[in-house]
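Numbering of residues begins at 1 and proceeds along the displayed sequence. Counting starts at 1 for both ligands and their atoms, in listed order.
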Amino acid sequence: MTATHEVYAVKFGQHPSGKHGEYFYGSAAEPMDEPAQLDYFVWLIRSPGQDIVFDAGFTAETAARRRREHWYAPSRALADLGVDRTAVPYVILSHFHYDHVGDVEAFTGARFVVQAREMAFWTGRHAARHEFRRLVEREDIQRLAGYGLDGRLLYVDGEREVVPGVRVHHVGGHTAGLQIVSVATARGTVVLAADAAHLYANVEDDAPFGVLTDLPAMYDTFDLMRGLATSPDLIVPGHDPAVLTRFDPVDGLDGRAVRIA
Ligand SMILES: [Zn+2]
């Protein structure tokens, strides 16, 4: 029997003053100026005696600089679900944009699961070009490169089972080395999309997000996620406020954390 896990989405901040047009590519970007909110989440994959974390959000300092609303450190938000941040064995990082890798230092005993081509990209020749550079923090990239030298990165080329029932998959589209996670749960296979689908509408309406490196690959990623998830409602987008209403709230953490499976 495959090991099954519980899965939670935990909100730590938001961007209430975004615009619809920023979040969709091409014709789906209309109406450009319509207000649209993004939420910021980290995800918890829990099995008896083991908490695995997917993504590490960003810090209060980064939030202030980028004018995002920051409720608390992602690791603090996870502590409210009983996560001992020092005991987390793996933190899976979807990609290196600032809103996914900021609070890694909190996980003092973890190895960080990254796609080799994501690190290659951000230490490579295109990283300084404005449309890429604006999406990352220098300190984040330097810290991750340092973890590489310390042997704390678990490099993946494509697909890999991190622990039984928890699998990462490289997907194209948003960044060079974006990865998603599929998790075996009692409800079936859950797909944590992170930025492979920022919003439900990206994957449900086949409408690509506005920030991309490879449009055909982004469409292929939508197909891959539909194939992996046991049902469409088990594809969990990375930034959609509706995640907090489509799933059941965690007791005492209404509006902050939901149990997906
Ligand atoms: Zn993001």
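D39 and Q37 share a side-chain donor-acceptor pair at under 3.5 Å.
Contact check for H100 versus L93: no side-chain heavy atoms found under the 4.5 Å cut-off.
Within the 2.8 Å limit, H97 places no N, O or S atom next to the Zn ion (ligand 1). Here H239 reaches the Zn ion (ligand 1): one of its N/O/S atoms is less than 2.8 Å from the metal.
Remark: E137 engages R66 in a salt bridge, criterion side-chain N to carboxylate O under 4.0 Å.
F12 pairs with exactly one of F58, W43, Y72 by the ring-ring contact (aromatic ring centres under 6.0 Å, His included) rule, that one being F58.
Geometry note: the Zn ion (ligand 1) is the vertex, D195 OD2 and D99 OD2 are the arms, and the angle is 150° (rounded to 10 degrees).
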